[in-house]
Number of protein chains: 2
Amino acid sequence: MDINTATRPPGRPREFEIEEALDKAVIVFSERGYHAASISELKDAMGLAAGSLYKAFKDKKAIFLASFDRYKQVRNAVLEQELAQGINGRDRVSRMLRFYAEASHGENGRRGCLVVGTAIELAVYDAEAAERVDRSMGRSEALFETLIREGQADGSIAQAIDPGATARLLLSVTQGLRVLGKTGPNRDRAFSVVDTAMKLLD
Amino acid sequence: MDINTATRPPGRPREFEIEEALDKAVIVFSERGYHAASISELKDAMGLAAGSLYKAFKDKKAIFLASFDRYKQVRNAVLEQELAQGINGRDRVSRMLRFYAEASHGENGRRGCLVVGTAIELAVYDAEAAERVDRSMGRSEALFETLIREGQADGSIAQAIDPGATARLLLSVTQGLRVLGKTGPNRDRAFSVVDTAMKLLD
DNA sequence: TCTATTGGGGAACGATCGTTTCCAAATTAA
DNA sequence: TTAATTTGGAAACGATCGTTCCCCAATAGA
């Protein structure tokens with residue numbers, strides 16, 4: 001009888017998609033930051049009443065952390081897709097750097113990175129936020145290192161370079177690009193940084 | 001009769017040093033950020049009553065901008081002194097990078113950089129803040145470029161490298177270090193980034 | 001049909017925000 | 001001395017903050 005056989009919990013069903021609402025919240029938190037983003041702004045952007053917001057999330061911090069996780073999920077998916085197209089280690093490193101450069105200019109740059117924003121605004125006095133930032137940074141660093149080792153294995157990256165140290169440098173470059181992108185350098189300047197960084201792999 | 005012959009303006013003299021108070025405000029703004037730093041916290045840290053604060057400064061933003069300027073003044077003086085000890089262009093680039101690495105770990109790292117914080121939290125919707133950030137970033141980039149050209153002139157840096165592009169990269173690295181420093185990598189990791197970046201000058 | 005449960009939405013809450021006001025104290029100029 | 005001016009400091013202000021409450025709607029299970 002029932003087309004949807006998945007059991008539904010009792011009570012009135014939610015009328016909005018959590019992930020769609022979070023995508024809107026991500027924009028507000030990215031542009032304004034955690035403290036400057038008010039519940040009033042968030043509920044308007046998410047298209048919800050305050051009461052509904054607080055039924056879906058415990059408090060403002062929970063909205064933020066859920067937004068952070070959603071942001072990471074979406075960005076990671078795009079990056080993964082980008083890396084899958086790389087032809088060797090060096091190309092994948094280049095694609096990853098360009099992925100950040102693309103996000104660090106123009107409107108995207110102005111909007112900013114939620115990881116960087118969290119590191120700056122929240123990590124110092126909120127353990128949960130700090131842990132998420134650390135995990136995100138750690139994964140990026142590890143990914144750079146993996147790609148570099150792949151490049152050394154396939155011959156596209158020089159054997160002489162130190163994968164760990166170079167990965168840390170590239171992580172610094174990407175986070176720095178995100179900061180510079182906030183006051184909006186043009187596209188060429190962001191990509192010139194990528195080109196210069198790639199010379200480290202020779 | 002009067003030991004201090006400098007004419008004093010009418011009215012009760014101020015009982016505190018503006019710059020000493022600003023140094024305290026810099027700490028609060030750096031650790032907490034603009035929005036999370038309340039007037040209550042600021043007045044406690046600065047040792048002033050709210051009324052006195054508002055006689056010295058127009059509003060919260062004026063306190064912040066004055067703190068920003070004080071921060072830049074102090075940091076620039078320290079950096080200048082550091083660079084004066086450099087023996088050639090390459091050494092001065094290295095000293096400048098180490099100056100940032102030193103500020104990007106441990107307690108200083110956790111405290112954070114007021115320029116980066118301003119870029120992330122304020123620059124998007126406050127023109128005065130954005131202009132200060134832009135000017136600060138522009139000067140750092142120009143300084144890196146100058147030092148690189150000096151190194152090329154004195155033979156300590158390879159002629160083949162592009163001073164402008166490399167300066168932009170090094171600026172990205174320093175700003176990135178400041179972000180990473182917020183969640184506190186240890187000293188060695190910060191300095192390994194410097195060592196790796198210096199390879200770009202060979 | 002009745003009960004239990006959950007969501008939607010708006011009104012209301014106490015707390016805290018940045019700011020102003022007020023009065024006493026300290027100084028200069030007349 | 002007196003008037004004008006400015007600071008120190010505490011108290012008070014309106015606005016906005018994040019959050020809760022309340023009432024109605026919508027659903028599941030009995």
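Numbered from 1 within each chain, the chains take letters A, B, ... in sequence-line order.
- Nucleotides of DNA chain D nearest to Asp59(A) and Leu48(B) differ in position, and the one nearer the 5' end is that of Leu48(B).
- In this structure, CD on Gln152(A) lies 12.5 Å from CG on Asn88(A), to the nearest 0.5 angstrom.
- Rounding to whole angstrom units, NZ of residue Lys61(B) and C1' of dC17(C) are separated by 18 Å.
- When each of dG18(D), dA26(D), dG9(D) is scored by its nearest atom to the side-chain atoms of Pro13(A), the top-ranked nucleotide is dA26(D).
- Not counting sequence neighbours, the partners of Lys61(B) by the salt bridge (charged side-chain N to carboxylate O under 4.0 Å, His left out) test are Asp126(B), Glu128(B).
- Dashed line: the shortest gap from a side-chain N or O of Lys55(A) to OP1 or OP2 of dT6(C) is not under 4.0 Å.
- Of the listed nucleotides (dG10(C), dT19(D), dT6(C)), dT6(C) has the atom at the smallest distance from the side chain of Arg12(A).
- The CD1 atom of Ile39(A) sits 18 Å away from the P atom of dA15(C) (whole-angstrom rounding).
- Nucleic acid contact class of Ala37(A) (heavy atoms, under 4.0 Å, all strands): sugar-phosphate only.
- Between Phe64(A) and Tyr34(A), the ring-plane angle classifies as perpendicular under the 30° and 60° cut-offs.
- Ser38(B) has a side-chain polar atom (N or O) that falls below the 4.0 Å cut-off from OP1 or OP2 of dC17(C).
- When rounded to the nearest whole Å, the span between CD1 of Ile18(A) and C1' of dG7(C) equals 11 Å.
- Using a 3.5 Å distance cut-off with no hydrogens or angles, the side chains of Arg98(A) and Ser94(A) do pair a donor with an acceptor.
- In this structure, Lys43(A) places its NZ atom 19 Å from P of dG7(C), rounding to the nearest Å.
- For dG7(C), the OP1/OP2 oxygens have a side-chain nitrogen or oxygen of Arg14(A) closer than 4.0 Å.
- In this structure, Tyr54(B) does not reach the dT20(C) phosphate: none of its side-chain N or O atoms is under 4.0 Å from OP1 or OP2.
- Set against dT19(C), dG8(D), dG18(D), the side chain of Phe16(B) has dG8(D) as its closest nucleotide.
- At whole-Å resolution of the value, CE in Met46(B) and P in dG8(D) are 11 Å apart.
- Mapping Lys58(A) and Ala36(A) onto DNA chain D via the closest heavy atom, the residue that lands nearer the 5' end is Ala36(A).
- The closest side-chain donor-acceptor pair between Arg168(B) and Ser192(A) falls under 3.5 angstrom.
- One interatomic measurement links the two molecules: CG of Asp44(B) to P of dG9(D), which rounds to 12 Å at whole-angstrom precision.
- In this structure, CZ of Phe57(A) is placed 18 Å from C1' of dT20(D), rounded to the nearest angstrom.
- The CG atom of Leu53(B) sits 19 Å away from the P atom of dT6(D) (whole-angstrom rounding).
- When each of dG8(C), dT19(C), dT19(D) is scored by its nearest atom to the side-chain atoms of Ala50(A), the top-ranked nucleotide is dT19(D).
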